[in-house]
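In listed order, ligands and their atoms are each counted from 1.
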Amino acid sequence: MHNATPASIPVIAIDGPSASGKGTVAELVAAKLGFHYLDSGALYRIVALAAKQQNIAWDDALAVAECAKTLAIEFKNSQVFLNGVDISEAIRTEEMGKGASRVAVHATVREVLVDLQHSFCKTPGLVADGRDMGTVIFPNAPLKIFLTAATEVRAQRRYLQLINKKAAGDDTQVSYADILQDLQERDARDQGRASAPLIKAEDAILLETDNLGISQAVEYILQNYQLITNF
Ligand code: DC
């Protein structure tokens, strides 16, 4: 079906629910090791945005998959381009987070994105962040982390992020209750779908960050990576 990724290239798979902090942690781990970084959630967000721009309903599996096939996606430094247009900000909204979770339910859509995700696996290594990195996309990753925190802790973190954005001039209304409800819905959809649901891989290390700072989580992952490379 798909080319397997080369076993000689190390992959650190970091999966977990929304707002667990895994994006920040994964980026820092990649920077420390000089590895490439895959933000797989961004791909689903891009598909949701493109579908919306083309008036395609997120629930229309076939139409969304067809749309996904035509996209020219480019990552340059920390910016994302869709068909040459910088959409880095446009995909970061709460609406596109929800849209991403909706389009990600479809097996047909997930299938379209597999090769693109594998193409990030290049020397000297990759840190891949998402929901199914350790279970489906990079099942042979030598290090898998399942990073999570209580829903209320994640909602509080997301709330503070949005408040800070608002202070910086974003005029979107922010309510903790709405954020909590959104997260609960998103978790339920990501965990409950039939295709590549959010689940801890059997061989993944559980990392609960309720009482753990970003740098401690990064350090923990780096230590675990060192353990397996010194084997
Ligand atoms: O990580 P994120 O919040 O940017 O992801 C947005 C949505 O995309 C998430 O709610 C579910 C989906 N997603 C997925 O199904 N599989 C992935 N590997 C990454 C994200």
R131 contact mode with ligand 1 (heavy-atom cut-off under 4.0 Å): both

Ligand-side contact atoms (ligand 1) for residue partner R186, heavy atom cut-off under 4.0 Å: 3 (O), 10 (O)

R110, R102, M96: member with heavy atom nearest to atom 16 (N) of ligand 1: R110

Geometric class of the Y159/Y176 ring pair [parallel <30°, tilted 30-60°, perpendicular >60°]: perpendicular

Closest approach of any protein heavy atom to atom 4 (O) of ligand 1, naming residue and atom: R45 NE, 2.7 Å

Those atoms of ligand 1 less than 4.0 Å from some heavy atom in K22: 1 (O)

Shortest protein heavy-atom distance from atom 12 (C) of ligand 1, along with the residue and atom involved: A104 CB, 3.7 Å

Numbering as shown, the atoms of ligand 1 that approach G130 to under 4.0 Å (heavy-atom distance): 18 (N), 19 (C)

Test of ring centre spacing under 6.0 Å for F81 and F75: no

Part of R193 with heavy atoms under 4.0 Å of ligand 1, whether side chain, backbone, both or neither: side chain

Proximal atoms of ligand 1 relative to M133 (non-hydrogen, under 4.0 Å): 18 (N)

For the student: nearest non-hydrogen atoms of T148 and R154, plus distance: OG1-NE, 4.5 Å

Closest to atom 19 (C) of ligand 1 (judged by heavy-atom distance), picking from S18, A19, S40: S40

Transitive ILVMFWY side-chain link L33 to I214, under 4.5 Å: yes

Closest contact, heavy atoms only, V109 versus A61: CG2-O, 4.0 Å

V11 vs C121 side-chain heavy atoms within contact, under 4.5 Å: yes

Exceeds 12 heavy-atom contacts within 6.0 angstrom, atom CG of L162: yes

Modelled atom types, side-chain donor and acceptor of R131 and S18, under 3.5 Å: yes

E152-Q156 side chain donor-acceptor pair, cut-off 3.5 Å: no

Distance from atom 20 (C) of ligand 1 to nearest protein heavy atom, with residue and atom: G41 CA, 3.5 Å

Identity and separation of the nearest protein heavy atom to atom 10 (O) of ligand 1: D190 OD2, 2.7 Å

Residue, atom name and distance, where the atom is the protein heavy atom closest to atom 6 (C) of ligand 1: A100 CB, 3.6 Å

Backbone or side-chain N or O of D132 under 3.5 Å from ligand 1 N or O: yes

